[in-house]
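Proteins get letters first, then strands, A, B, ... in listed order; numbering begins at 1 in each. Keep in mind that the numbers below use all heavy atoms, side chains included, and drop hydrogens, waters and symmetry copies.
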Protein chains: 2
Amino acid sequence: MTTAIRMQPADQVSVRRNNLSLVLRLLHERGPRSRAAVAAATGLNKATVSSLVAELIDRGLVREVGTDEQRRLGRPATLLQLDGRNVVALGIELNVDFLDVLATDLSGEALVRRQRTIDAAGQSRQRTLTSLISLARQALDEVRTPATTLAGVTLAVPGLVDVGEGMIRLAPNLHWTDVEVRDRIVKALSLSVPMSVDNDGNLGALAEYRVGEFAGTPNLIFVSGQTGVGGGIIVDGHLLRGARGFSSEVGHMRMATDGPLCGCGRPGCWEALIGLKPLLHDALPDRAADIDAPDAPPEVKIREIVCRAEAGDQRALEALTRNGEWLGRGLATLVNLFNPEVVVLGGFFRDIAPWVLPVADAIVRKLTLAPDAGGCRIVVSRLPFSAAALGGAIHAAERVFDDPALVPFVTP
Amino acid sequence: MTTAIRMQPADQVSVRRNNLSLVLRLLHERGPRSRAAVAAATGLNKATVSSLVAELIDRGLVREVGTDEQRRLGRPATLLQLDGRNVVALGIELNVDFLDVLATDLSGEALVRRQRTIDAAGQSRQRTLTSLISLARQALDEVRTPATTLAGVTLAVPGLVDVGEGMIRLAPNLHWTDVEVRDRIVKALSLSVPMSVDNDGNLGALAEYRVGEFAGTPNLIFVSGQTGVGGGIIVDGHLLRGARGFSSEVGHMRMATDGPLCGCGRPGCWEALIGLKPLLHDALPDRAADIDAPDAPPEVKIREIVCRAEAGDQRALEALTRNGEWLGRGLATLVNLFNPEVVVLGGFFRDIAPWVLPVADAIVRKLTLAPDAGGCRIVVSRLPFSAAALGGAIHAAERVFDDPALVPFVTP
């Protein structure tokens with residue numbers, strides 16, 4: 001299946017950049033280790049490693065942290081560790097009912113988080129973007145110092161994105177079509193670094209693949225429960241994107257020919273069966289009037305379902321069982337198609353997992369052709385943050401891992 | 001998304017093997033060209049290319065074929081071309097109602113094809129495997145000479161395969177579970193070369209990706225209409241396999257909660273709605289008794305539907321429309337999940353395409369979230385052979401493209 005024919009000799013500058021990147025990623029992904037261990041893992045000779053490490057230290061990206069006590073022979077070796085404190089990466093999630101801005105350092109440690117409840121479907125685009133820009137500016141002002149380098153900014157949106165153009169092509173639940181967001185935000189924030197826009201499910205999957213409980217699992221599916229049901233799919237360690245970047249629209253799998261109407265205008269989408277609104281309406285029929293009101297954040301509404309379920313409310317329990325059944329049917333199709341090692345459920349599925357996960361899991365096992373569901377595990381996300389904003393920050397930080405020389409030398 | 005950390009220096013033997021492979025693949029995939037053009041495309045220097053080409057000529061894998069008339073400056077250059085005549089690759093398809101054995105040369109040119117109608121679900125496994133082995137032996141006897149090298153043998157089966165073990169894990173329509181096929185066939189044919197077993201949909205997709213009308217399209221889905229509905233999915237130029245190789249079971253996507261019963265024992269699978277049997281029963285109700293009889297090959301039965309449709313038979317036309325509708329609904333899910341450039345329909349869908357394709361295409365356009373179905377085209381396969389047997393032969397030939405030195409020097 002190899003199709004790459006062209007081989008090109010790398011010039012010396014790009015060789016050094018690649019090697020700096022290799023060492024920085026190694027320390028990030030595999031943790032602290034000695035120069036000798038870096039040399040062994042990368043195949044680079046020790047003199048080259050010493051020179052690369054010296055440059056990374058001078059750029060404030062790596063620091064020495066004590067010695068390796070487990071070393072059995074010879075002198076204890078000095079350990080090297082990623083030092084991400086001088087770098088800031090910004091992830092922003094724009095969703096139907098909330099904005100979430102997360103600034104991290106290079107290692108992915110949270111520095112600042114700002115959230116706001118909004119009603120993106122009910123208010124003007126301009127108002128939503130103004131809120132977003134204001135929140136992002138606050139976060140940046142709080143974390144940036146003269147010594148920090150901003151790696152990049154990545155925005156997560158619930159819809160189809162033209163990644164190249166930084167445009168939202170179609171976000172059904174926002175009612176947005178063909179909106180240029182990247183250039184507008186870059187201008188408003190006077191950004192001098194690249195900004196990316198990507199689908200929230202993709203960035204959620206990236207977060208799970210990089211720092212979630214099942215980080216590094218080659219075939220991982222992330223399904224996020226919000227107003228919409230988004231998803232991101234890792235295939236053999238790479239994010240599935242498809243021809244135009246419009247893949248992984250799991251929420252729009254067809255589950256029934258005449259099911260309830262979806263936000264996209266079609267009947268029978270998975271999202272219309274297991275998303276936030278159908279669940280709320282099913283579980284809280286007496287609160288129907290409040291559910292579509294934009295004032296209460298979704299967590300509050302979900303909490304009410306959980307309270308009622310814990311109190312044994314029959315209607316809530318039945319609604320959760322139905323949600324679990326439809327969840328399982330859709331997951332079975334994903335498992336039959338992708339044969340993943342793991343499916344990670346995020347968003348409100350984390351809250352209702354005690355009720356829906358056992359139901360969904362049993363159905364996946366029953367409806368998957370491969371015995372034992374092909375070995376797939378269905379789990380809930382353990383990430384502490386909104387996965388999409390964190391995925392955005394991780395994505396934004398990539399630029400420095402790709403080219404550590406972007407970060408200037410630290411003046412002593 | 002880069003996770004490969006370890007770099008290893010290649011030793012000289014493997015460097016030469018890689019370079020021989022690179023040159024042979026270049027001539028195969030991009031067609032005849034001069035030594036200078038090979039050097040330019042690979043980045044190898046001209047002396048190295050000359051030495052590699054000399055070895056490939058000595059092994060009978062490349063030949064000189066006239067001169068490049070389009071060359072504008074200097075002497076006309078001698079063109080090099082893949083010469084696959086000394087190599088044989090064998091692809092075998094085992095399906096519910098037929099066996100298909102195809103021997104090709106290295107270039108994929110058909111040398112011998114042997115087919116037989118069987119009733120794999122109704123007869124013993126032993127009988128089916130005996131037929132298969134006998135057919136394969138006939139084909140091999142016919143094409144092998146003392147001068148030929150057998151590259152390999154690859155068997156396509158309609159079910160879940162443990163590729164590492166060469167075992168069929170589960171083939172619902174054959175009613176086979178956990179059958180060791182590879183070792184049995186290797187022994188019976190006294191093969192001294194590796195044999196592989198793979199899913200028929202995967203090998204069909206490989207054939208389309210390598211030599212079909214849309215060869216080289218990075219995101220391509222192949223859907224095959226047989227007794228079962230199989231599929232194979234190319235993602236970014238690589239065959240999707242998943243955690244254990246059980247991916248791409250498109251026939252078992254859940255389309256309806258209480259649909260007709262599938263061969264796998266579950267209701268509502270796509271295959272139970274659009275496969276051969278449901279179509280035949282729907283289109284030819286007066287022939288119900290004959291449809292499940294194993295004597296007539298499926299092409300004959302499909303031809304009867306086509307004849308009736310051409311004659312304007314209302315029942316046949318309605319059945320084809322229903323088939324197209326369900327086909328479109330399932331394809332829409334695939335298009336929403338994978339955003340492929342193209343979906344290629346094989347098997348009996350080629351015959352009924354004039355009726356079902358327009359219906360399915362319109363539904364895909366309607367049910368896909370991305371505008372214009374994300375740019376996806378739905379087409380029928382133009383491959384002259386059963387795609388899975390051809391994919392098997394292509395897969396088997398890979399071994400020589402990976403390591404051309406497996407083919408001995410030609411004695412003058």
Side-chain angles (χ1 to χ4, degrees), chain A residues 1-3 5-9 22 25-26 29-30 41-44 160 169-170 172 206 209 216 218-219 233 235-250 252-257 264 266 329 332-334 336-341 366-371 374-376, chain B residues 1-3 5-9 22 25-26 29-30 41-44 160 169-170 172 206 209 216 218-219 233 235-250 252-257 264 266 329 332-334 336-341 366-371 374-376:
Chain A
M1 303 294 298
T2 308
T3 50
I5 289 286
R6 189 163 179 84
M7 298 191 334
Q8 279 187 313
L22 194 66
R25 279 188 199 280
L26 179 74
E29 294 175 14
R30 308 268 180 95
T42 58
L44 299 168
L160 302 173
R169 281 286 166 224
L170 176 63
L206 178 62
Y209 181 67
N219 299 281
I233 300 170
V235 170
D236 268 346
H238 295 275
L239 193 60
L240 177 74
R241 290 203 173 270
R244 298 188 182 175
F246 300 155
S247 70
S248 313
E249 286 297 336
V250 301
H252 302 280
M253 291 193 290
R254 316 224 58 74
M255 302 302 299
T257 41
C264 74
R266 300 173 184 87
R329 287 188 194 124
T333 285
L334 294 176
N336 275 317
L337 290 175
F338 291 95
N339 183 212
E341 283 96 358
K366 198 171 128 200
L367 298 184
T368 301
L369 186 64
C376 179
Chain B
M1 302 292 296
T2 309
T3 51
I5 289 285
R6 190 166 177 82
M7 299 191 333
Q8 278 186 313
L22 194 66
R25 280 189 199 278
L26 179 74
E29 294 175 13
R30 308 267 181 95
T42 57
L44 298 168
L160 302 173
R169 281 287 166 221
L170 176 64
L206 178 63
Y209 181 68
N219 299 282
I233 300 169
V235 170
D236 268 343
H238 295 274
L239 193 59
L240 177 73
R241 290 201 172 272
R244 299 188 180 173
F246 300 154
S247 71
S248 311
E249 285 297 336
V250 300
H252 302 282
M253 290 193 291
R254 317 227 55 76
M255 302 302 298
T257 40
C264 75
R266 300 172 184 88
R329 287 187 195 127
T333 285
L334 294 176
N336 276 317
L337 290 176
F338 291 96
N339 183 215
E341 282 96 359
K366 199 171 126 201
L367 297 186
T368 300
L369 185 65
C376 179

> Looking only at heavy atoms, what is the nearest atom pair of B/Arg254 and A/Arg329, with distance?
Replying inline: CG-O, 3.9 Å
> Checking heavy atoms, do the side chain of B/Leu337, its backbone, both or neither come under 4.5 Å from chain A?
Replying inline: both
> Minimum heavy-atom separation for A/Ala243 to B/Pro340, with atom names?
Replying inline: CB-C, 4.0 Å
>> Under a 4.5 Å cutoff for heavy-atom pairs, which residue among A/Ala332, A/Cys376, A/Ser248, A/Pro371 has the most contacts with chain B?
In response: A/Ser248
> Between B/Phe246 and A/Ala370, which heavy-atom pair has the shortest distance, and what is it?
Replying inline: CD1-CB, 3.5 Å
>> Between B/Leu367 and chain A, with a heavy-atom cut-off of 4.5 Å, which part of the residue counts as in contact: side chain, backbone, both or neither?
In response: both
> Quick one: what part of A/Val235 sits under 4.5 Å from any heavy atom of chain B, side chain, backbone, both or neither?
Replying inline: side chain
> So what's closer than 4.5 Å to chain B heavy atoms on A/Leu160: side chain, backbone, both or neither?
Replying inline: side chain
>> I need the residue from A/Gly375, A/Pro172, A/Ala256 with the largest number of non-hydrogen atom pairs under 4.5 Å to chain B.
In response: A/Gly375
>> For B/Thr257, which atoms come within 4.5 Å of any heavy atom of chain A: side chain, backbone, both, or neither?
In response: side chain
> Is there a side-chain contact between B/Arg266 and A/Leu369, using heavy atoms and a 4.5 Å cut-off?
Replying inline: yes
>> At a 4.5 Å cut-off on heavy atoms, which part of A/Asn339 comes close to chain B: side chain, backbone, both, or neither?
In response: both
